[in-house]
Engineer: 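Dropping a structure here in structure tokens format, bear with me for questions.
Bear in mind that the values here come from a model prediction, so they are computed numbers and not experimental data.
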Amino acid sequence: MIRSPTPPCPELIHSLPHRSIVDIMDSNSTPWSSPPAPLQAEAVTVAPTIFPRVGYSILSFLMFINTVLSVFNNSLAIAVMLKNPSLLQPINIFILSLAVSDLMIGLCGSLVVTITNYHGSFFIGHTACVFQGFAVNYFGLVSLCTLTLLAYERYNVVCKPRAGLKLTMRRSIIGLLFVWTFCLFWAVTPLLGWSSYGPEGVQTSCSLAWEERSWNNYSYLILYTLLCFIFPVGVIIYCYCKVLTSMNKLNKSVELQGGLSCRRENKHAINMVLAMIIAFFVCWLPYTALSVVVVVDPELHIPPLVATMPMYFAKTSPVYNPIIYFLSNKQFRDATLEVLSCSRYIPHASSRVSINMRSLNRRSVNTHSKVSPL
């Protein structure tokens with residue numbers, strides 16, 4: 001007769017808080033042996049999260065609104081660009097790239113999260129979870145780095161018109177190829193073992209494994225934060241501050257030479273730049289702050305909903321970007337209104353003389369002109 005294994009004593013069970021009673025009873029090894037690594041990983045990734053059903057419904061509704069706006073805004077931006085070849089200038093190629101990456105965030109991120117929250121769990125499997133985490137990380141980084149590249153090129157055009165760094169279509173495409181390749185590296189490495197992708201927070205979305213307490217994960221998060229957030233933020237703030245300072249000096253020079261006052265245009269430029277920076281921080285600061293907190297204090301317990309919110313904020317960035325560029329670029333705005341009105345909208349001719357940003361230098365400015373801000 002085969003004897004069943006002797007159940008462990010209660011004292012031993014209480015001394016192993018990270019193992020369940022079922023794991024111990026089902027194991028043929030001694031009570032002191034630990035479960036296999038795959039079992040531990042599975043226990044971490046599929047652990048249920050307690051969250052009210054109404055909470056999932058609210059998140060699903062909010063992400064549905066976000067999905068509709070993201071897909072509509074960016075699809076419209078892409079359609080406007082492709083319908084008007086005159087808009088496909090070197091600087092606007094960055095806007096087209098931004099619209100494509102934002103559209104993919106909406107489809108791969110917001111749409112999936114809308115469905116999983118409606119269901120109440122990430123029911124479409126581990127492979128889909130990894131793909132969603134990869135897609136949102138990749139296209140989110142592409143959007144962020146494209147904004148950085150756009151800020152840098154505007155800085156070159158306005159502040160260094162004589163430096164020989166003329167923005168051409170070839171230069172724009174090379175810059176975008178570098179951005180997409182650089183971001184691909186940071187999105188692929190978790191698939192190869194440097195960090196990982198998995199369920200987060202309330203278990204209805206997937207992203208980088210912020211909660212994984214290991215030096216392998218910490219090293220990725222530290223470099224990721226420095227190179228993919230802090231550095232781009234520094235470049236964006238520096239470039240736009242220099243752009244506004246340079247334009248202020250140039251416009252004052254125009255006024256001193258008898259040109260027209262342009263305070264309204266300057267105020268408009270400042271508002272647009274502030275809107276870009278604020279939207280950037282609202283979307284990406286919580287995402288980055290979470291990684292910093294996890295590295296600084298590994299023992300800190302983060303509630304599931306708090307751990308989920310940063311990714312949700314990041315998924316709202318595709319909504320803001322097209323609106324900001326719609327408001328800041330008159331040519332793009334007129335083309336958009338023409339598409340929305342089925343060619344019934346007639347753009348009003350501007351009463352002011354704008355100066356191409358590529359030729360912004362003090363010797364080429366007509367003293368009877370205003371300098372167009374952005």
Engineer: Side chains of W180 and S101: any donor to acceptor distance under 3.5 Å?
Structural biologist: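 No, because no side-chain N or O of S101 sits under 3.5 Å from a partner of the opposite role on W180.
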Engineer: List the atom of T148, the atom of P232, and the distance in Å for their closest heavy-atom pair.
Structural biologist: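 In this case the closest contact between T148 and P232 is OG1-CB, 3.2 Å.
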Engineer: Determine, using ring centers only, whether Y238 and Y155 are less than 6.0 Å apart.
Structural biologist: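 Here the rings of Y238 and Y155 have centres that are less than 6.0 Å from each other.
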Engineer: Does C129 reach the side chain of P199, with side-chain heavy atoms less than 4.5 Å apart?
Structural biologist: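 Result yes, sub-4.5 Å side-chain heavy-atom pair found.
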Engineer: The test is salt bridge (Lys or Arg N to Asp or Glu O under 4.0 Å); show your working for R171 and E153 and say whether it passes.
Structural biologist: CA-CA 10 Å; R171 179 181 168 88; E153 292 297 348; 3.2 Å; yes
Engineer: State, with a plain yes or no, whether a side-chain heavy atom of I124 is found less than 4.5 Å away from one of V112.
Structural biologist: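 Yes - at least one pair of side-chain heavy atoms lies under 4.5 Å apart.
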Engineer: Do E200 and S205 pair up side chain to side chain, a donor and an acceptor below 3.5 Å, judged on atom types alone?
Structural biologist: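 S205 and E200 do have a side-chain donor-acceptor pair below 3.5 Å.
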Engineer: Is the CZ atom of R53 crowded by more than 12 outside heavy atoms at less than 6.0 Å?
Structural biologist: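 Enclosed: over 12 neighbouring heavy atoms sit under 6.0 Å from CZ of R53.
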Engineer: Donor-acceptor pair, S172 side chain versus P90 backbone, under 3.5 Å?
Structural biologist: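 Yes: the side chain of S172 pairs with the backbone of P90.
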Engineer: Under 6.0 Å from the OH atom of Y218, do we count more than 12 heavy atoms belonging to anything else shown?
Structural biologist: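 Result for OH/Y218: enclosed.
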Engineer: Once rounded to the nearest 0.5 Å, what's the spacing between atom OG1 of T204 and atom CG of L59?
Structural biologist: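 Rounded to the nearest 0.5 Å, the OG1-CG separation comes to 6.5 Å.
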Engineer: What about L147 and V100, same hydrophobic cluster or not, with Ile/Leu/Val/Met/Phe/Trp/Tyr joined at side-chain heavy-atom distances under 4.5 Å?
Structural biologist: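 Yes.
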Engineer: Heavy atoms, side chains only, cut-off 4.5 Å: are Y240 and R154 in contact?
Structural biologist: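 Touching, per the 4.5 Å side-chain cut-off.
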Engineer: Determine the minimum heavy-atom distance between N74 and P322, stating which atoms define it.
Structural biologist: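 In terms of heavy atoms, the two residues are closest at OD1-CG, 3.3 Å.
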Engineer: Following the transitive rule for hydrophobic clusters with a side-chain heavy-atom cut-off under 4.5 Å over Ile, Leu, Val, Met, Phe, Trp and Tyr, establish whether F131 and L141 coincide in one cluster.
Structural biologist: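 As far as the 4.5 Å side-chain criterion goes, L141 and F131 are not connected within one cluster.
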Engineer: Give a yes or no answer on whether the side chain of T116 reaches the backbone of V113 with a donor-acceptor pair at less than 3.5 Å.
Structural biologist: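 Present.
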Engineer: Nearest 0.5 Å, please: how far is CZ in F134 from CG in L208?
Structural biologist: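 Between L208 CG and F134 CZ, I get 11.5 Å after rounding to 0.5 Å.
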Engineer: Check the surroundings of atom OH in Y118: do more than 12 heavy atoms from other residues, nucleotides or ligands lie under 6.0 Å from it?
Structural biologist: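 No, because the 6.0 Å sphere around OH of Y118 holds 12 heavy atoms or fewer from other groups.
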Engineer: Quick one: pull up OG1 in T336 and CE in M81 and give me the separation to the nearest 0.5 Å.
Structural biologist: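 Answer rounded to 0.5 Å: 8.0 Å.
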Engineer: Can you name the closest pair of heavy atoms from S60 and T114 and give their distance?
Structural biologist: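 Taking S60 first and T114 second, the nearest heavy atoms are OG-O, 3.0 Å.
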Engineer: Measuring from atom SG of C283 to atom CD1 of I278, what distance do you get when rounded to the nearest 0.5 angstrom?
Structural biologist: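 Here the interatomic distance stands at 11.5 Å.
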Engineer: Treating Y320 as the side-chain partner and A275 as the backbone partner, does any N or O pair qualify as donor plus acceptor under 3.5 Å?
Structural biologist: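 Such a contact is absent between Y320 side chain and A275 backbone.
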Engineer: Do S143 side-chain atoms and F139 backbone N/O form a donor-acceptor pair below 3.5 Å?
Structural biologist: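 Yes, the answer is positive, given that a donor and an acceptor are paired below the 3.5 Å cut-off.
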Engineer: Quick check against the 3.5 Å criterion: does T316 have a side-chain atom that pairs as donor or acceptor with the backbone of F313?
Structural biologist: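 At least one qualifying donor-acceptor pair exists.
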Engineer: Got S75 and L103 here, is their nearest side-chain heavy-atom distance under 4.5 Å?
Structural biologist: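 Yes, their side chains come closer than 4.5 Å.
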Engineer: Are L76 and L340 close enough that some pair of their side-chain heavy atoms sits under 4.5 Å apart?
Structural biologist: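 With C-beta onward as the side chain, the pair touches.
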Engineer: To the nearest 0.5 Å, what is the distance between OG (S195) and CG (L191)?
Structural biologist: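 Those atoms lie 10.0 Å apart.
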Engineer: Which one of W186, Y197, F185 satisfies the ring-ring contact (aromatic ring centres under 6.0 Å, His included) criterion with Y220?
Structural biologist: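 Going through W186, Y197, F185 one by one, the ring-ring contact (aromatic ring centres under 6.0 Å, His included) with Y220 is satisfied by W186 alone.
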Engineer: Report yes or no: does N216 contribute a side-chain atom to a donor-acceptor pair with the main-chain N or O of G193 at less than 3.5 Å?
Structural biologist: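 Present.
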Engineer: Drop me the distance from L221's CG to W215's CH2, to the nearest 0.5 angstrom.
Structural biologist: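 Taking CG in L221 and CH2 in W215, the distance rounds to 11.5 Å.
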Engineer: Working note: W194 + L223, criterion side-chain contact (heavy atoms from CB on, under 4.5 Å); need CA distance, chi angles, decisive distance, verdict.
Structural biologist: CA-CA 11 Å; W194 193 21; L223 290 177; 3.7 Å; yes
Engineer: Given N117 and F61, is the side-chain contact (heavy atoms from CB on, under 4.5 Å) satisfied, shown in steps?
Structural biologist: CA-CA 9 Å; N117 274 303; F61 174 75; over 6 Å; no
Engineer: Exactly one of V68, N66, T67 should register a side chain to side chain contact (heavy atoms under 4.5 Å, CB included) with F64. Which one does?
Structural biologist: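 Output: one option passes, namely V68.
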Engineer: Give a yes or no on whether I174 and L88 share a hydrophobic cluster (residues Ile, Leu, Val, Met, Phe, Trp, Tyr; joining criterion: side-chain heavy atoms under 4.5 Å apart).
Structural biologist: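 No; tracing contacts between hydrophobic side chains, which count when under 4.5 Å, never links both residues.
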Engineer: Please report the shortest heavy-atom distance between V282 and P286, naming the atom on each side.
Structural biologist: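 Residues V282 and P286, closest heavy atoms: O-CD, 3.5 Å.
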